[in-house]
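Here's the structure we're looking at; comments come further down.
For the single chain, residues carry numbers from 1 onward in sequence order. We count ligands from 1, going down the list as the structure has it; atoms in each ligand are counted the same way.
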Amino acid sequence: MTAQLIDGKALSQQLRADVKARADQLKAKGIVPGLAVVLVGDNQASQVYVRNKVKSCEECGFHSVLEKYDANMTEAELLARVEALNNDPSIHGILVQLPLPKHIDDHKVIEAISPSKDVDGFHVASAGALMVGEVGFKACTPYGCMKMLESIGMKDLRGKHAVVIGRSNIVGKPMAMMLLAANATVTITHSGTADLAAMTRQADIIVAAVGKLNVLTADMVKPGAVVIDVGMNRNAEGKLCGDVDFDGVKEVAGYITPVPGGVGPMTITMLMVNTLESAERA
Ligand code: NAP
């Protein structure tokens, strides 16, 4: 079998066209969706991510503010900036790029963001809303994965078994909650799972969110399964790769997401969706 590709880039373009159209409608009413991106320090990868986020805002017709600070910024100074953005009516979404320098407590900063502007979906209030099925911002990466499933006709996952590899607060856990909300039967696996392959072989849907090359190989996949690769790694040649052995798994899976061009573009797109929805609510 050769799996069909779920093209995150193409799906993103479709979704962003809709975001832009909705943003134009808001603008006609005098509201321009606004996103503030805050970067502290000079982490190379973070600089690329924030540039892409600002560029996406421009493409969607949003107002965006990029605040860059020196790595020596104190926690108190950063908290004061977050508070100012919370009170700025032109800003509907606030994103503080992680990781922060070691002397700043990530959790404290995320909790300082108003839940009404938490477009990354990392605030405890957003995680709690997802847990109990209330309205709140959904974490962008798993939200994008759900849209990818929807794009292949998998919206109601009743009767499907989903296995999530990884249990981080930003990907694995919210992913599992979203799959559960869509009626899948969900197994969460992690570094303490005894026999990962025994779990993944039962899965109709596998989401790999680990950050290690070749965590999922062809022998671990049921024929026809849907495989979503969240991982971002570099191989020995420095090429961007996911967690999935793409060449092997594509011969067994029914659908597969590529890296690059899969979950990555969807994550930024869902950030745009969350920012737009925040502006619509405002
Ligand atoms: P993380 O916080 O490091 O979590 C990794 C998870 O993988 C942990 O729960 C860990 O288990 C589990 N794990 C580690 N080794 C394992 C193994 N051998 N078998 C099963 N589980 C294992 O990472 P993250 O933030 O969730 O990110 C995961 C990956 O996704 C990274 O490559 C990251 O760069 C990528 N990512 C991509 C996007 C995107 O937009 N494409 C967005 C976010 C993240 P324990 O909990 O037991 O340690």
Side-chain angles (χ1 to χ4, degrees), residues 6-9 11-12 15-16 37 43-53 55-56 95-100 106-107 110 119-122 126-127 130 137-149 162-179 186-203 206-217 219-221 227-235 238-246 249 256-274:
I6 309 179
D7 183 342
K9 236 172 150 176
L11 182 57
S12 277
L15 293 171
R16 284 188 202 193
V37 180
N43 180 303
Q44 292 293 312
S46 293
Q47 298 202 17
V48 175
Y49 297 149
V50 299
R51 260 205 309 275
N52 287 340
K53 287 166 187 173
K55 191 165 156 256
S56 301
L95 182 151
V96 178
Q97 186 65 46
L98 301 178
L100 289 167
D106 291 11
H107 182 70
I110 299 302
V119 287
D120 243 348
F122 294 169
S126 304
L130 176 63
F137 291 111
K138 292 183 186 146
C140 300
T141 299
Y143 193 11
C145 295
M146 294 306 289
K147 287 286 170 194
M148 291 177 116
L149 289 172
V163 172
V164 180
I165 318 178
R167 57 171 165 181
S168 71
N169 289 336
I170 63 170
V171 190
K173 281 184 209 160
M175 185 76 247
M177 283 299 139
M178 289 179 209
L179 289 161
V186 183
T187 302
I188 307 175
T189 62
H190 47 79
S191 67
T193 299
D195 187 350
L196 181 62
M199 302 292 152
T200 56
R201 275 190 210 112
Q202 297 173 32
I206 303 170
V207 182
V210 175
K212 286 184 186 159
L213 286 170
N214 299 332
V215 158
L216 191 78
T217 48
D219 57 309
M220 298 167 74
V221 177
V227 175
I228 299 196
D229 192 354
V230 177
M232 285 197 305
N233 310 291
R234 297 272 168 195
N235 69 9
K239 187 173 163 269
L240 186 65
C241 301
D243 290 344
V244 175
D245 169 23
F246 184 85
V249 171
I256 190 166
T257 66
V259 178
V263 175
M266 290 299 292
T267 296
I268 301 189
T269 297
M270 300 326 289
L271 176 69
M272 299 299 115
V273 170
N274 279 347

Looking only at heavy atoms, what is the nearest atom pair of [X] and [Y], with distance?
X: Met232; Y: Tyr49; answer: CE-OH, 3.2 Å
X: Val171; Y: Ser168; answer: N-OG, 3.0 Å
X: Ser126; Y: Phe137; answer: CB-O, 3.4 Å

Heavy-atom proximity to atom 32 (O) of ligand 1 ranks first, among Met175, Met232, His190, Arg167, for Met232

Looking only at non-hydrogen atoms, the one of Val171, Val230, Ile268 nearest atom 27 (O) of ligand 1 is Val171

Heavy-atom nearest neighbour in the protein, as seen from [atom], with distance rounded to 0.1 Å:
atom: atom 10 (C) of ligand 1; result: Ser191 N, 4.2 Å
atom: atom 15 (N) of ligand 1; result: Lys212 NZ, 3.0 Å
atom: atom 31 (C) of ligand 1; result: Gly211 CA, 3.6 Å
atom: atom 1 (P) of ligand 1; result: Ser168 CB, 4.1 Å
atom: atom 42 (C) of ligand 1; result: Thr141 OG1, 3.2 Å

Is [X] reaching over with its side chain to a backbone N or O of [Y], donor-acceptor style, under 3.5 angstrom?
X: Asp243; Y: Gly211; answer: yes
X: Ser56; Y: Ile268; answer: no
X: Thr257; Y: Val263; answer: no

Atom pair [atom1] ([X]) and [atom2] ([Y]), whose distance is rounded to the nearest 0.5 Å:
X: Leu179; Y: Met146; atom1: CG; atom2: CE; result: 5.0 Å
X: Met199; Y: Met220; atom1: CE; atom2: CE; result: 11.0 Å
X: Asp120; Y: Met270; atom1: CG; atom2: CE; result: 13.0 Å
X: Lys173; Y: Met178; atom1: NZ; atom2: CE; result: 13.5 Å

For ligand 1, which atoms sit closer than 4.0 Å to a heavy atom of [X]?
X: Thr267; value: 39 (C), 40 (O)
X: Ile165; value: 20 (C), 21 (N)
X: Gly264; value: 40 (O), 41 (N)
X: Ile170; value: 25 (O)

Going by the 4.0 angstrom heavy-atom rule, the piece of Met266 near ligand 1 is neither

With heavy atoms and a 4.0 Å threshold, my read on which part of Val210 contacts ligand 1 is both

ask   = Gly231 near ligand 1, heavy-atom distance under 4.0 Å?
value = yes

- Touching ligand 1 at all, Thr193? Heavy atoms, strictly under 4.0 Å? no

